[in-house]
Amino acid sequence: MNRVSVITVGKTHSGKTTFAKALEQQLTNAIVVDQDNHAEILQNYYPALVPKEGANAIKYALTQTIVNHAVDQTDCHIILCNANRNRQGRLKLLDFYRSKGFTTILVNFDMADEVLKTRIDQAGRDTSVLRTVSSFKDVLVRQQAESVGNPGVIPSPDEADHLFNVANEQQVEAAISDITIIASRGSGS
């Protein structure tokens with residue numbers, strides 16, 4: 001069986017979670033691994049374990065445990081749904097999945113910042129998963145600053161077996177369709 005790992009890349013409110021859920025519905029035997037869910041679990045049930053500053057090591061450990069189980073104990077396709085805007089971290093993930101025999105797919109969400117600001121305003125999303133800032137607008141401002149002079153936040157075609165760039169709704173549907181086709185073919189097709 002050809003297993004795929006789909007890794008989303010993009011700023012806050014760019015559509016990563018919506019895409020991942022839609023892909024999960026179309027891609028037989030797929031699971032979404034979303035670090036926002038892990039952050040919420042920790043915040044709701046284990047708040048004393050969540051660090052007040054610095055890296056959220058427990059969130060990353062929880063995510064890694066879930067990923068390891070899914071990779072080693074199931075035959076599921078994996079949809080990793082978080083920002084993944086750091087090139088080195090992304091390459092490490094891609095190497096891990098390749099070493100486990102997965103076909104790697106990056107989906108880069110390249111929405112205009114004005115669209116993201118509007119989505120943030122309209123979403124009213126719970127901010128309890130945020131630790132170091134108080135709003136998703138603050139997250140977007142930080143991500144915009146990280147993007148200046150840093151080409152590594154945008155994936156390049158040589159990173160994964162397949163790269164999809166999504167800038168609008170039509171491209172979302174096309175990417176989902178193409179990924180389901182890739183998953184139904186042989187490895188690396």
Side-chain angles (χ1 to χ4, degrees), residues 5-27 30-67 70 76-87 89-90 93 105-148 150 152-155 164-176 179:
S5 66
V6 179
I7 299 174
T8 62
V9 180
K11 293 176 185 168
T12 188
H13 287 74
S14 60
K16 300 178 302 291
T17 300
T18 302
F19 172 85
K21 289 177 182 178
L23 178 59
E24 182 181 34
Q25 294 300 309
Q26 297 294 316
L27 187 58
I31 61 160
V32 173
V33 179
D34 188 338
Q35 280 191 335
D36 284 351
N37 294 340
H38 307 156
E40 188 175 340
I41 289 167
L42 292 167
Q43 192 65 37
N44 289 334
Y45 296 101
Y46 306 99
L49 299 178
V50 178
K52 302 298 182 224
E53 55 187 55
N56 193 348
I58 190 164
K59 177 180 77 172
Y60 301 125
L62 179 56
T63 299
Q64 194 59 56
T65 299
I66 292 168
V67 166
C76 293
H77 301 291
I78 310 268
I79 305 165
L80 190 60
C81 179
N82 42 311
N84 295 303
R85 290 172 35 85
N86 175 285
R87 181 178 168 86
R90 200 167 53 238
L93 284 171
I105 301 171
L106 289 174
V107 182
N108 180 49
F109 290 82
D110 189 21
M111 304 292 176
D113 286 344
E114 290 307 313
V115 170
L116 301 179
K117 289 176 189 174
T118 300
R119 286 181 176 183
I120 290 168
D121 289 339
Q122 293 174 347
R125 194 168 153 205
D126 181 13
T127 58
S128 66
V129 298
L130 302 176
R131 287 183 322 115
T132 59
V133 294
S134 60
S135 73
F136 285 102
K137 283 185 179 180
D138 293 341
V139 172
L140 181 58
V141 167
R142 186 191 73 224
Q143 290 175 333
Q144 288 169 323
E146 290 169 351
S147 297
V148 175
N150 184 1
V153 298
I154 299 170
F164 295 92
N165 286 299
V166 173
N168 58 52
E169 286 302 313
Q170 294 76 24
Q171 292 171 336
V172 166
E173 290 304 317
I176 288 172
I179 290 168

Does any part of the side chain of [Y], heavy atoms only, come nearer than 4.5 Å to the side chain of [X], both counted from C-beta?
| X | Y | answer |
| --- | --- | --- |
| Cys81 | Lys21 | no |
| Leu140 | His13 | no |
| Ile179 | Val107 | yes |
| Asn56 | Gln35 | no |
| Asp110 | Ile154 | no |

Nearest 0.5 angstrom please: [X] [atom1] to [Y] [atom2], how far?
| X | Y | atom1 | atom2 | result |
| --- | --- | --- | --- | --- |
| Thr18 | Leu23 | OG1 | CG | 12.5 Å |
| Thr17 | Glu24 | OG1 | CD | 11.5 Å |
| Asn82 | Tyr60 | CG | OH | 8.5 Å |
| Ile79 | Ile31 | CD1 | CD1 | 8.5 Å |
| Leu80 | Arg90 | CG | CZ | 12.0 Å |
| Asn84 | Ile7 | CG | CD1 | 6.0 Å |

Could you walk me through whether Ile78 and Val33 satisfy the side chain to side chain contact (heavy atoms under 4.5 Å, CB included) test, starting with their C-alpha distance in whole Å, then the side-chain angles of each, then the deciding distance to 0.1 Å, before giving a yes or no?
CA-CA 7 Å; Ile78 310 268; Val33 179; 4.2 Å; yes
Would you please test Leu62 and Tyr46 for side chain to side chain contact (heavy atoms under 4.5 Å, CB included) and show each step?
CA-CA 12 Å; Leu62 179 56; Tyr46 306 99; over 6 Å; no
Does this structure show an ion pair linking [X] with [Y], if we count only N-O contacts that are shorter than 4.0 Å?
| X | Y | result |
| --- | --- | --- |
| Asp113 | Lys11 | yes |
| Lys16 | Asp36 | no |
| Lys117 | Glu114 | yes |

Could you walk me through whether Ile66 and His38 pass the side chain to side chain contact (heavy atoms under 4.5 Å, CB included) check?
CA-CA 10 Å; Ile66 292 168; His38 307 156; 3.3 Å; yes
Derivation and outcome, side chain to side chain contact (heavy atoms under 4.5 Å, CB included), residues Asn37 and Val32
CA-CA 10 Å; Asn37 294 340; Val32 173; 5.8 Å; no
Can you see which heavy atom on Leu130 is nearest to which on Ser135, and at what distance?
CD1-C, 3.5 Å
